[in-house]
Amino acid sequence: MAFNYEYYLRMDKMPHMWCPGCGIGIVVKAMLRAIDKMGWSKDDVAVVSGIGCTSRTPGYVDFNTLHTTHGRALTFATGLKLARPDKHVIVISGDGDAAAIGGNHFLHACRRNIDLTLIVVNNYIYGMTGGQASPTTPFGARASTAPYGAVDSPLDISRVAIAAGASYVARGTVAQGFMLEKFIYNGFKHKGFAVIEAMSTCPIQYGRRNKLSDPVQLLKWVKEHGVPAKKAEKMSPEELEGKFITGELHNQERVEYTEEYELVRQRAQEAAGAR
Amino acid sequence: MAFNYEYYLRMDKMPHMWCPGCGIGIVVKAMLRAIDKMGWSKDDVAVVSGIGCTSRTPGYVDFNTLHTTHGRALTFATGLKLARPDKHVIVISGDGDAAAIGGNHFLHACRRNIDLTLIVVNNYIYGMTGGQASPTTPFGARASTAPYGAVDSPLDISRVAIAAGASYVARGTVAQGFMLEKFIYNGFKHKGFAVIEAMSTCPIQYGRRNKLSDPVQLLKWVKEHGVPAKKAEKMSPEELEGKFITGELHNQERVEYTEEYELVRQRAQEAAGAR
Amino acid sequence: MAETATAEKVAKKKEKPAPRIEVIDEFCKGCNICVDICPTNVLEMKPDPTRWVGAVVVVTRPEACTRCMLCEIHCPDFAIKVY
Amino acid sequence: MAETATAEKVAKKKEKPAPRIEVIDEFCKGCNICVDICPTNVLEMKPDPTRWVGAVVVVTRPEACTRCMLCEIHCPDFAIKVY
Amino acid sequence: MDKKIQLWEGNHLVAEAAIRAGCRFFAGYPITPSSEVAEYMAWKLPQVGGTFIQMEDEIASMGAIIGASLAGVKSMTATSGPGFSLKQENLGFACIAEIPVVILNVMRGGPSTGLPTHPSQMDVMQARWGTHGDHWIIAIAPAYMDEIFRGTVRAFNLAEKYRVPVIILLDEILGHMHEGYEIPDDFEIIDRAKPDVPPEEYFPYDDSKGDVPPLAPFFTGYRYNVTGLNHDKSGFPTTNPELIQRDMERQRRKLYANLDDILWYDEYKLDDAEIGLVAFGSMGRSAQVAVDLAREQGIKAGLFRPITLWPFPEEKVQQLAEQVDTILVPEMNLGQLILEVERCVHGKANVEGVNKVGGLPIEPPEILEAIKARI
Amino acid sequence: MDKKIQLWEGNHLVAEAAIRAGCRFFAGYPITPSSEVAEYMAWKLPQVGGTFIQMEDEIASMGAIIGASLAGVKSMTATSGPGFSLKQENLGFACIAEIPVVILNVMRGGPSTGLPTHPSQMDVMQARWGTHGDHWIIAIAPAYMDEIFRGTVRAFNLAEKYRVPVIILLDEILGHMHEGYEIPDDFEIIDRAKPDVPPEEYFPYDDSKGDVPPLAPFFTGYRYNVTGLNHDKSGFPTTNPELIQRDMERQRRKLYANLDDILWYDEYKLDDAEIGLVAFGSMGRSAQVAVDLAREQGIKAGLFRPITLWPFPEEKVQQLAEQVDTILVPEMNLGQLILEVERCVHGKANVEGVNKVGGLPIEPPEILEAIKARI
Amino acid sequence: MDRYELRFGGVGGQGVILAGTILAEAAVIYDGLYAVQSPTYTAQVRGGATKVDVIIGKTPIIYPRATAIDFFLALAQRSYDVFHHQLKEGGLLLVDSTLVSRVDEDRYRVYRVPITDLAEREIGRVVVVNTISLGLTVAMTKVVSRKAIEQAVMARAPRGTEEMNMKALQLGFAKAEEMGFAPEETKAEEAV
Amino acid sequence: MDRYELRFGGVGGQGVILAGTILAEAAVIYDGLYAVQSPTYTAQVRGGATKVDVIIGKTPIIYPRATAIDFFLALAQRSYDVFHHQLKEGGLLLVDSTLVSRVDEDRYRVYRVPITDLAEREIGRVVVVNTISLGLTVAMTKVVSRKAIEQAVMARAPRGTEEMNMKALQLGFAKAEEMGFAPEETKAEEAV
Ligand SMILES: Cc1ncc(C[n+]2csc(CCOP(=O)(O)OP(=O)(O)O)c2C)c(N)n1
Ligand SMILES: Cc1ncc(C[n+]2csc(CCOP(=O)(O)OP(=O)(O)O)c2C)c(N)n1
Ligand code: SF4
Ligand code: SF4
Ligand code: SF4
Ligand code: SF4
Ligand code: SF4
Ligand code: SF4
Ligand SMILES: [Mg+2]
Ligand SMILES: [Mg+2]
């Protein structure tokens, strides 16, 4: 039955600014449904973003919302979470926001395994600023700053997240909204840093430059380029070239930062008391 | 037979500033021997660093040397290399320099697979500034900013390098100088971004705080905590806890940035000619 | 028992009213995603020059709807609801 | 032939002069690494209050040196050379 | 013999004062000569139930303290020149979003890596103008232990009261020197105003009841939006020129209409002064000795020592210019605060610098020489 | 009908001018309203054998251009406020290491994310003081297409001649407007001096032959050291106070002793002016129209339009202050350049601002009103 | 006409910005006039309202922003709503009557042409809406010569579309004349 | 003595900085005087020269940096070489004669004590070099009372080392007296 998005939206700000057929809205919906499933009070949730099309999300959703500077959302979120470890802090970032300018904060949030959920809306392009190449732009694809095709290889955000220590990592696509919702939900439930990479679509800035300007066609492209983890295991690197693996890629119990810091407080207070 | 280090050193700057027993010198020596083996002219080599004890290397070695800002060495090096792709650009960084403040540039140099060699002298501490925790400080170890033990887990620099796309990645220790030399040499020979992580020692700032202030003892500690890749394969995660894997961890042929950009130039010139 | 259970299920299905599909016109940007994704061709795109991309979605075959929710889940504009 | 070759090798070995170990006093910081690492105990630490950590390395048993180079490779201070 | 007196390092005293002022969150990245603040916080904050975190860089530290402050926890960071440069973008965010935070910059020689272990006063102008765009901040430069303590408490109070980032400028001398000091308990602590209206009526940038609207902590039932874009009173982005002009003017006014409250300075033998000195921080101390040396030689020198550097005590300096013919401005840089002094005197006095860079302070006899050269 | 005239976008013209000036390396990170520069460079530079790279952020872009310049390749980057803030630390490195680079800042509304698609002139003070530590830069603010072209070429020339970072300040109006322009060929190109001594005798910061020592490109046989620490003439770190003082003073002097060469400005109907305007960039254009409007009404207004903003044409403004009673400073901010004007006039004229923020420019009639209100 | 200000408003994707560029190029390159073109840059919704301003003069354009617009072409209602305020009282307002219905009749001199319909009906391709509009604009305002706009349109027309565009342009001229705008006196040469 | 400046110089690890702290604490906490202590901070070689300056006064210390040093204790040659310049002409120079040989005899009033030897021989532990030095310093300069330095040393002495440190301190006092420095008049109380 129809989901009550209105309850979670700032209806006076709607319709949102995203272009016709833009995948961001699909991710935001999955996020709202997952929040609803968690049964969290809206007052206990913060949604934090950097700058970009994706990062306009905070303006539309009715939580404690924080629209920070480009690439820095995780740093603000870390402060929020440490100040109130009992609350739920969600970060939503574009691929440029999270993995270009924000790459370092991403790395260290993973390492700290701090109990935040990061949703990366990966549309392999800088949407907001007009279609410049992002660190996830496919090799050879066109962008306004890659008129002869992208020279550098795309970053595998989920893979780096795992290597850096994130304890829950999953990748879905906007063509599979239910799956996305499930991953985000599992990310919320997970204690530790959770990364959900949502392969998305930017028909305007990416699509138009790469003969995929029709939202439907682009959505299909995304779906076709995703390979479920199980299936990927049986494929050769050549077959996987240019594809991305979807599914719950990593799920581990690991020391979480705010919990561990609580132990530091205890140790410190004992030490102080002892003196 | 004795190696002619003098030829590569700025002898008027010696003795160097590193503390008694500090491992940095061992890495620098390995680097010089590897350069010698390559037969490169000193004029064709640039050694670039950020800020830190390790990053004082440029002052002592007789090449084109560039001591930049904290964490940014790879960015300057990228400019140097792109300006002169035919020259050899080596970056030497501390763990803080490369993986804390410099983490983002590290990630993207890996991704671009640009033909630079990065030597990370990992002493799991901020040496220069007085023993603060670094992203590689072992969990629970003491540092001046971790008086109750480090709360966050260490970053596995080599693992992240591989995940982000570096095409040659090797890890050695200062207790095994010959091996280090070999890895650096192989890194130089490799076309693409090469990362050599040298597990090193800081008896003063790390050792003193962690009951390992004797250089010899600390050197042994490092040696004992390294597990050769082959051996590691047969070990359980529990057994590997707190250890680091040594050896040539990754070696792959992959599109290199400056070569690929040369193709862009060709395409661009054709396109311009055609107009 | 098995029979009864089946009977109950059938009964429940029957209880459920026929699907109702609501399109929020002011939100719809005419991207065509819902039209394409609907397995039973419930929706159609109607040209409308006053709208975003010159078209808006309309429900043409509500009776065919299986309530699979695919349209609702994938509409990026919060513009379609299936009851 | 095999014999000749061996003879040559022996001859070569003999040609090689005895190892000479040089310690550059002004560089040595007395860290003890070389002393510890030398498999044949060629080196010793001699207290010297005028030096960095109050000690400096001295070569006490040069004849035992196998020219393994471990000391030279691992001296962090460019202070020891084996010829 | 009072056991409560202790030998305090300047940096440690800032940290301790911050904790006394209610600071419970510190995010930092080590840098000489400020690292002792982080180290002290790492040790002491968890003891008092607070949180210390070493972030991956200075950008992150600045972001984290804004985040924590938004959740209602008084927050600070500490750094020196290179790190201060990196914090500038997020500092601007704290300005436009009006989030109270305190930033300590222990100044060392610059530019760039410069002279990491030596003092300077080279970040005076950067403290005012380091981030892009029109913005207003408060900067405090204490000179003595008591000013360091009270100045730090004041920094938090002003940040909370005016919803503005407050910068504390020390220099390496003050940061690293140890001096006997007994922590007082006669200081006031100000907390930010909380809304007295229900959530439906709350607007985080509402100017109808004054220039500093109350700030509801996140997670307390007031679900609003905070952005670095220009925004309307509800915190949502706007491009409405009138709203923006009004909002920006309010941001300026909230400080400049309250100068009486914000300005803090010291005057030393100014009453009958015939030559004026304007100096701050450790050079304020040197200048004070120079005044005495000059007076020993019969020269009526006096010192105006601004402690609030930004907003600058413009009127006081104007008055000084009416009184004396020459104003000397000793600073450990090649001329920064002097520019503001020149601007304020409107040609009413001759303004000259006494400048030194390279890591050594300007000693009182050097200032004395400069005084004597002008009379 | 000359086919060589084209409709140029301001941003594109900067890029084209840079290429004509010899720029062969561009590293950038996209940001509105400057992204077109990067896009143009991405397209054009490889055509002329140069290199474009999109870096991971603005910090990296700044580092990369310094690196490339050190290898002898003229280099530039382009950004807007938030990115300009991030570049500050490495900008300071270029200052102390004296590496020629050009940085374009197309100003938008601020602080923080502010008003990304709207013009402002809010980064004037930051251009001078954004990085920590004493440092000296050149900043140029062209107003017309020809100035954009020649100003960009000049930026490279000055950077090379004085081994200094040069900042070009445009605003969103100038960056995004398109205007007819025919690229001239009557411009000079200056390349940095190369050493005329053998490597053994080369010192990259040797002041014995003048304030701007030659800069040997890396990889040409001159193996020297470059550092962001204070250094001696050979480029190695030093903590010697005298050497540092001398070096810092030379760095200042290399600009301030060459003001005749560096300063660039325009005067409009100033000869008989009774009221003066000081305005730059697009607001210089608005002010010029306002001067005409005023004169139509019999008011003798005149305009001083600095194009070099830093160093500021101090003497010219002083002269203006001698001539007129009132100087108006229209700027798209709440008062930045006016501070420098106030400083320079030494009370000789009454200085007032005409300010507007919120994304709209100050139109000529608004300036006219301000003029009329003062006479 | 020493300074004539025009604004074209539409929605993203309609191509009004290119139309503005072509008009400015006609002025600058082919008529030797001065011109400034400034598009709106918004990070806001694509598919949302967009505009381009063109200022044309016989002398250099000193102040580069539109202040009082003489001519406004609105190709979408949304765009009219957002951008008409700067049109002078009594200014020329040309609207695509297929897409724009509500306008302030009292304030402006309003001309309605079903441009999109025309494009479909007479040329058979909606893409030429902008070319027809340029024809209308030039014929109504005479801000550049017909020859200049022809050259500018041709220079920008994708290969193979020259004829279609020329036809569209002429259609624009003709429609303007139908509405009573005088045909061009041959004064293009002296316009410089 | 309204402002008395002392400098202790050694090499990293010798503990001179702690000695400076103890002296300053003696002044501030136990004698009610004013004192400023400033260590050198260098990012340079550990094991290299290091120093600490202590300024003590009966009135507040306004200028916090050493300007003309009255007393310099040098525990290493390197440290003497680098840091002696600010010692006043005629100032008191105390050196550990085991470690420091070359000093400027003409410029300073030089006192040589084999402090390290004494520590080893008489106390049996090199670590007390600093305590002996403090004893010497206080007895030579009388900058703080003996009682104050005793209290300060005790407060900082690790558990179990109190006696050893007290002995070392007294040894310092005694050595100074041997060199002709007068024993303390009992004026500690009035020093405040
Ligand atoms: C410091 C800084 N640099 C650059 C920008 C300009 N900028 C805004 S959003 C963006 C990238 C947007 O791409 P992405 O993060 O992928 O988000 P998307 O718009 O695609 O959702 C950039 C470069 C900025 N706002 N701040
Ligand atoms: C922007 C900036 N932040 C901080 C510092 C201070 N700093 C200098 S070196 C360093 C870390 C050194 O640690 P590492 O990189 O591991 O090198 P090591 O000294 O251990 O070799 C820090 C934090 C700085 N110079 N610049
Ligand atoms: S530009 Fe791309 S990412 Fe941004 S709203 Fe449009 S389609 Fe979405
Ligand atoms: S502090 Fe540590 S890393 Fe630095 S020189 Fe000393 S031992 Fe080496
Ligand atoms: S719910 Fe399923 S069947 Fe029904 S309209 Fe939507 S997509 Fe079609
Ligand atoms: S998916 Fe949504 S926005 Fe797109 S056409 Fe369907 S209802 Fe409209
Ligand atoms: S070369 Fe080997 S055997 Fe010879 S001294 Fe060195 S470590 Fe000992
Ligand atoms: S390893 Fe080198 S520095 Fe250490 S004791 Fe041996 S020679 Fe001296
Ligand atoms: Mg994106
Ligand atoms: Mg380290």
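By convention in this document, chain letters (A, B, ...) are assigned in the order of the sequence lines, proteins followed by strands, and residues within each chain are numbered from 1. Worth saying up front: this structure is predicted, and the values here are computed from it rather than measured. Excluded from the calculations below are hydrogen atoms, water molecules and symmetry mates; all remaining heavy atoms, backbone and side chain alike, are included.
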In short, A:A83 meets E:V73 closest at the heavy-atom pair CB-CG2, 3.7 Å

When rounded to the nearest 0.5 Å, the distance separating CD1 of E:I59 from CG of A:N104 is 8.5 Å

Discussion item. Do E:F219 and A:D86 make a side-chain contact, defined as non-hydrogen atoms from C-beta onward lying under 4.5 Å apart?
Written reply: no

Ordered numerically, the heavy-atom neighbours of chain E under 4.5 Å found in residues 253-261 of chain A are A:Y257, A:Y261

Correct closest heavy-atom pair for A:Q269 and E:P46 would be NE2-O, 2.9 Å

Looking only at heavy atoms, the pair that brings E:P237 and A:R56 closest together is CG-NH1, 4.3 Å

Quiz item: Quick one: are A:R265 and E:T51 in side-chain contact, heavy atoms under 4.5 Å?
Solution: yes

When the 4.5 angstrom heavy-atom criterion is applied to A:V89 and chain E, the contacting part is side chain

If one checks every heavy atom of E:F52 against chain A at 4.5 Å, the contacting part turns out to be both

Rounding to 0.5 Å, atoms CG (E:L70) and CG (A:L66) come to a distance of 5.5 Å

Among A:H88, A:K81, A:H105, the residue with the most heavy-atom pairs under 4.5 Å to chain E is A:H105

Validation row: E:L229, A:H67 side chains within 4.5 angstrom (heavy atoms)
yes

Looking only at E:V48, E:N225, E:T227, E:N90, most heavy-atom pairs under 4.5 Å shared with chain A are made by E:N225

Here the salt bridge (charged side-chain N to carboxylate O under 4.0 Å, His left out) pairs for residues 47-61 of chain E, sequence neighbours left out, are A:R112-E:E56

Bottom line for E:A27: the part with an atom under 4.5 Å from chain A's heavy atoms is neither

Whatever's closer than 4.5 Å to a heavy atom in chain E on A:K13 counts as side chain

Rounded to the nearest 0.5 Å, the OG1 atom of A:T65 sits from the CZ atom of E:R223 at a distance of 10.0 Å

Taken to the nearest 0.5 Å, the spacing of E:T220 OG1 from A:N64 CG works out to 7.5 Å

Answer key: most heavy-atom pairs under 4.5 Å with chain E among A:D44, A:V48, A:T78, A:D62 is A:D62

Note to self: When you compare the side chain of E:F218 with that of A:L80, does any pair of heavy atoms fall below 4.5 Å?
What the structure shows: yes

Closest heavy-atom pair, A:T68 versus E:F93, reported as atoms and distance to 0.1 Å, is CA-CE1, 3.5 Å

CZ (A:R10) and OG (E:S234) are apart, to the nearest 0.5 Å, by 8.5 Å

Beyond-backbone contact of E:E89 with A:R72, side-chain heavy atoms, under 4.5 angstrom: yes

Output for pair (A:T69 OG1, E:I66 CD1), nearest 0.5 Å, gives 7.5 Å

